[in-house]
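Input: a single structure, listed below in structure tokens.
Side chains are part of it too, since the values below use all heavy atoms of this structure and drop only hydrogens, waters and symmetry mates. The sequence lines fix the lettering, A, B, ..., with proteins before strands; numbering per chain opens at 1.
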There are 2 protein chains.
Amino acid sequence: MSIRNPKQALYEQFAIVAKALGHPLRLEMIEHLAQGARSVEALAAKLGLPVANISQHLQALRRAGIVSAERDGKFVHYSLADDSVLSAFASVRGVAERQLAEVDRIVRGYFDARDDMRPVTRDELQTLMRDGLVTLIDVRPADEFALGHVPGAINVPLGEVRAWSGSADAVKEVVAYCRGPWCVMSFEAVAALRSLGHAARRLEDGMPEWKAAGLPVEVLA
Amino acid sequence: MSIRNPKQALYEQFAIVAKALGHPLRLEMIEHLAQGARSVEALAAKLGLPVANISQHLQALRRAGIVSAERDGKFVHYSLADDSVLSAFASVRGVAERQLAEVDRIVRGYFDARDDMRPVTRDELQTLMRDGLVTLIDVRPADEFALGHVPGAINVPLGEVRAWSGSADAVKEVVAYCRGPWCVMSFEAVAALRSLGHAARRLEDGMPEWKAAGLPVEVLA
DNA sequence: CCGTCATTCAATTATTCCATTGAATGACGG
DNA sequence: CCGTCATTCAATGGAATAATTGAATGACGG
């Protein structure tokens, strides 16, 4: 057993954090928790996985200081413990996007087929909204919308996009957003709208990034 | 075997990157590579570990797009592949520093004992240097100093600090920096100088962060 | 083309991680 | 205080990861 100097001891701690990020399911859990606090059961339901499994992963995240838990009666609500979690996630994603050929392949094969246009930036969206030129839809489930959304957005969960499009203002372009930059729902929404003849684009990123940028968020009572 | 949707496929890729960061030794390797490109052998020597071991870790980092390799004759020089690597590292470190009690314990037990003062910020340092109020020393080994250092810094490898202090300007405060925020060398240098009666502080962060901040770097021919 | 040297590969063992299962804990509501 | 329900724990088997060893590759220098 080698002698561990303080620097190595620190690096072991840093590695615990990074290791906790090193599992696809835990990353997905982080994306969900970035929308708002969730109970173990609620998270498990969102992900369609056994509660015990999610619970164990949550504890790995908690040991790494990535999420924090708060007991409320029978429930334990988990939420992200630190703002840096999202920036770490973003940096990791950035490395993967720029350096991994496999990511490029997946994006070309799936995402580009649904939205080959440049997404709308947050700045652009603010201008377009101010001038009343677009309809902004939040295609996440209603519960996530309630926990925080872009002011002026209307909630059209993905499954209701087709039905909604009939009553939508046919003149205005639609901008859709959901949970994050690679959240499939906004891609699907844009593809569905386009197939119905609507002009539609995605917002770059999603709700957590909007919030992280310090932009206003509307919360339902 | 569950059906993998494109989002999960992407998250698996992101997890590969994070997983590659999830090992203390690989984090230390990244810190070294942040000083400049290194051959496998050189890195192994810096870390005091077998070449084959380092080679395997380098390949894990390469598969994750974190480092890139360039062949030069018999040697293969590795360097960081992406600027986001350091920001991911910094975010991970930030989470650990703020959320993990064990990090706090290590810092209190070792680092605070050597430098309980607030470190000098980069901005402060620039002012102090401009006004000629401090002597800036780079306590890294000479090879790392040669690959890039803060303009105006003089190279005093840690082992030579005591000898150097005899000839140093006794009036000016000394500011020391090395590889990064938790690099032990600058802490040791400050402790050594103080025990000799010199006023000394550390610079926050180290060379890679200085460079990442877009500040000027001097390279020896 | 042969020896040398940097690097990588292959095989081994020990360890850690992961999903699943079923049981245990702990808090609420009657 | 008892049943219910959300969560956690403990134990299992199977998979991935890590360090070590020794052999293989590939490029240079004579």
- 5'-most by nearest nucleotide on DNA chain C - A:Asp72 or A:Lys19: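 This one resolves to A:Lys19.
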- Query: On DNA chain C, nearest-nucleotide positions of A:Ala52 versus A:Lys74: which is more 5'?
  - Reply: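 In this pair, the answer is A:Ala52.
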For the pair made of [atom1] in [X] and [atom2] in [N], what is the distance, rounded to whole Å?
X: A:Phe75; N: D:dT4; atom1: CZ; atom2: P; result: 17 Å
X: B:His57; N: C:dT7; atom1: NE2; atom2: P; result: 16 Å
X: A:Asn53; N: C:dA19; atom1: CG; atom2: C1'; result: 6 Å
X: A:Arg63; N: C:dC18; atom1: CZ; atom2: C1'; result: 12 Å

On the nucleotide [N], are OP1 or OP2 found under 4.0 Å from the side-chain N or O atoms that [X] carries?
X: B:Tyr78; N: C:dT8; value: yes
X: A:Ser55; N: D:dT7; value: no
X: A:His23; N: C:dA19; value: yes
X: B:Gln59; N: C:dC9; value: yes

- Message: Regarding B:Arg26, tell me which of base, sugar-phosphate or nothing describes its non-hydrogen contacts under 4.0 Å with the strands shown.
- Response: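 The answer is sugar-phosphate, as B:Arg26 gets under 4.0 Å only of primed atoms, P, OP1 or OP2.
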- Task: To the nearest 0.5 Å, tell me how far A:Phe111 CZ sits from B:Lys7 NZ.
- Result: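 NZ of B:Lys7 is found 8.5 Å from CZ of A:Phe111.
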- Query: Is there side-chain contact between A:Lys211 and A:Pro208, with at least one heavy-atom pair below 4.5 Å?
  - Reply: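 The answer is no, as the side chains (C-beta and beyond) never meet within the 4.5 Å cut-off.
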- Which of parallel (below 30°), tilted (30 to 60°) and perpendicular (above 60°) describes A:Trp182 and A:Phe187?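 Taking A:Phe187 first and then A:Trp182, their aromatic rings lie parallel (interplane angle under 30°).
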- Evaluate side chain to side chain contact (heavy atoms under 4.5 Å, CB included) for A:Ser79 paired with A:Leu33, printing each intermediate quantity in order. CA-CA 6 Å; A:Ser79 53; A:Leu33 292 178; 5.8 Å; no
- Item | Any donor-acceptor N/O pair under 3.5 Å between C:dT7 base and B:Gln56 side chain |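 Flag unset: no donor-acceptor pair detected.
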